[in-house]
Amino acid sequence: MEEIKVFCPATIANVSCGFDVLGLALDSVGDEMVIRKTKEKGIRITKILGQNLPLDAEKNVAGVAGFALLAQADYNGGFEIEIDKIIKPGSGIGSSAASSAGAVWGMNQLLGNPFSELELVAFAMQGEKLASLVAHADNVAPALFGGFTLVRSYDPLDVVAVHTPKELFATVIHPQIEVKTADSRKVLKTSISLQDGIKQWGNLGGLITGLFTEDYDLISRSLQDHIVEPIRSILIPGFNDVKKAAQAGGALGSGISGSGPSIFALSKGEETALEVGKSMKEVYKKIGIDFEVHVSKINTQGCKKIS
Ligand code: ADP
């Protein structure tokens, strides 16, 4: 294979109580990338559609993640990349992660899959480091593994694939304002109280158990974030009203998607997820902020070949 076209899924990181460790992949929202083998060494980004992002491979997360892979690969050539950017940077649904993950996944396919998924996560994290100064894996892991993933440890890197209940759907509303990941990290405190920790790991354990056992009530009770959401939500206009609207629409729970400004809700069944979307929309219509809404089942495959 000399060329591959890849679907690179959008992702929701944190998922309320799983700050920096939990994430999930979406199925109906994502970028497309074409990756081509070249005789010439190195990486060239030849085309970016949809967004104004750097063509310089050293400044684009796709290039940086790709260089990390190339440094470890037994390969004498290089790659050319085209990106069709659907996910807006700074939206909170893993725009940079989609490019980082898509680049290394596609390159691995073209090289005959010499690297494991976990190794690909480590390469893609280098792209995340360029985008947000922190080499976090909570978006790139679900983009590569699919479904829900838990980053159990960063040193050594240990990613756990978490079961995805069949009827689970995500609704995401993206108010059209930009919050840079780097900025929304700056507002966070560097320490937490033991009391908050106890609540948070109780909920994280509950959420993971609820996902594995398909216990939607337990998932609903556990979708709470006592640590990051109260601080970060200040950066998102209408946040509390959107949460109330999601609940009124029948969602199991809701929270900030990644570092925001997108807000996600999880629901049992597509019909409820669509209803939740309608309910959330009303808040931004009233405030007068433009928005986009996505309703998607959970993508259990991660990056995939389109052609
Ligand atoms: P998101 O959480 O949606 O990924 P971030 O704010 O974390 O948004 O990252 C976007 C940053 O990464 C922007 O500064 C953008 O210019 C930079 N960037 C570099 N290459 C890419 C790319 N291929 N896709 C998206 N963002 C990129």
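Values below: all heavy atoms of this structure, side chains included; hydrogens, waters and symmetry mates excluded. Atoms within a ligand are numbered from 1 in the order they appear, just like the ligands themselves.
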- Of all protein heavy atoms, the one nearest atom 12 (O) of ligand 1 is Ala131 CB, 3.4 Å
- Message: Give me the nearest non-hydrogen protein atom to atom 3 (O) of ligand 1 as residue plus atom name, then the distance to 0.1 Å.
- Response: Ser95 N, 3.1 Å
- Message: Under 3.5 Å, is there a donor on one side chain and an acceptor on the other for Arg44 and Thr38?
- Response: yes
- Task: Could you tell me whether a side-chain N or O of Ser254 sits under 3.5 Å from a main-chain N or O of Ala265, the two making a donor and an acceptor?
- Result: no
- Residue, atom name and distance, where the atom is the protein heavy atom closest to atom 14 (O) of ligand 1: Lys180 NZ, 3.5 Å
- Do me a favour and list the nearest non-hydrogen protein atom to atom 8 (O) of ligand 1 with residue, atom name and distance? Gly90 N, 3.0 Å
- Item | Distance filter under 4.0 Å to Ser91 heavy atoms, resulting ligand 1 atoms | 3 (O)
- For ligand 1, note which part of Leu53 has a heavy atom under 4.0 Å away: side chain, backbone, both or neither. side chain
- Is any NZ, NE, NH1 or NH2 atom of the basic residue among Lys166 and Glu214 found under 4.0 Å from an Asp or Glu carboxylate oxygen of the other? yes
- Between the side chains of Thr11 and Asn139, does any donor sit under 3.5 Å from an acceptor? yes
- among protein heavy atoms, the one nearest atom 23 (N) of ligand 1 is Asn60 OD1, 2.8 Å
- Query: So is Gly258 in contact with ligand 1, going by heavy-atom distances below 4.0 Å?
  - Reply: no
- Query: Would you say the side chains of Lys297 and Thr164 form a donor-acceptor pair under 3.5 Å?
  - Reply: no
- Item | Ile263 vs Ile256 side-chain heavy atoms within contact, under 4.5 Å | no
- Task: Compute whether any side-chain donor of one residue and acceptor of the other, for Glu128 and Ser96, lie under 3.5 angstrom apart.
- Result: yes
- Task: For ligand 1, find out whether one of its N or O atoms is nearer than 3.5 Å to an N or O atom of Ser132.
- Result: no
Side-chain donor-acceptor pairs of residues 193-200 under 3.5 Å, sequence neighbours excluded:
from   : atom 1 : to     : atom 2 : distance (Å)
Ser193 : OG     : Asp196 : N      : 3.1
Gln200 : OE1    : His226 : N      : 3.0
Gln200 : NE2    : Asp225 : OD1    : 3.0

- Message: For ligand 1, which is the ligand I care about here, please tell me if Ser259 has any N or O atom under 3.5 Å from one of the ligand's N or O atoms.
- Response: no
- Note on the structure: ligand 1 to Gly92, heavy atom cutoff 4.0 Å, flagged ligand atoms 3 (O)
- Query: Among all protein non-hydrogen atoms, which one is nearest to atom 2 (O) of ligand 1, and what is the separation to 0.1 Å?
  - Reply: Thr181 OG1, 3.4 Å
- Using a heavy-atom cut-off of under 4.0 Å, does the side chain or the backbone of Ser99 touch ligand 1, or both, or neither? side chain
- Query: How does Lys59 reach ligand 1, if at all, at less than 4.0 Å between non-hydrogen atoms: by side chain, backbone, both, or neither?
  - Reply: backbone
- Find all atoms of ligand 1 within a distance of less than 4.0 Å from any non-hydrogen atom belonging to Lys85, and give their numbers and elements. 24 (N), 25 (C)
- Note on the structure: Nearest non-hydrogen contact to atom 21 (C) of ligand 1 from the set Leu130, Val61, Ile87 belongs to Val61
- Pair Lys88 + Glu292, salt bridge at N-O below 4.0 Å: yes
- Linking I/L/V/M/F/W/Y whenever their side-chain heavy atoms sit closer than 4.5 Å, directly or via other members, would Trp201 and Leu22 fall into one cluster? no
- Message: Tell me whether ligand 1 is touched by Glu128 - counting only heavy atoms on the residue side and a distance under 4.0 Å.
- Response: no
- Task: Identify which one of Val6, Ile4, Ile43 satisfies the side-chain contact (heavy atoms from CB on, under 4.5 Å) criterion when paired with Met107.
- Result: Ile43
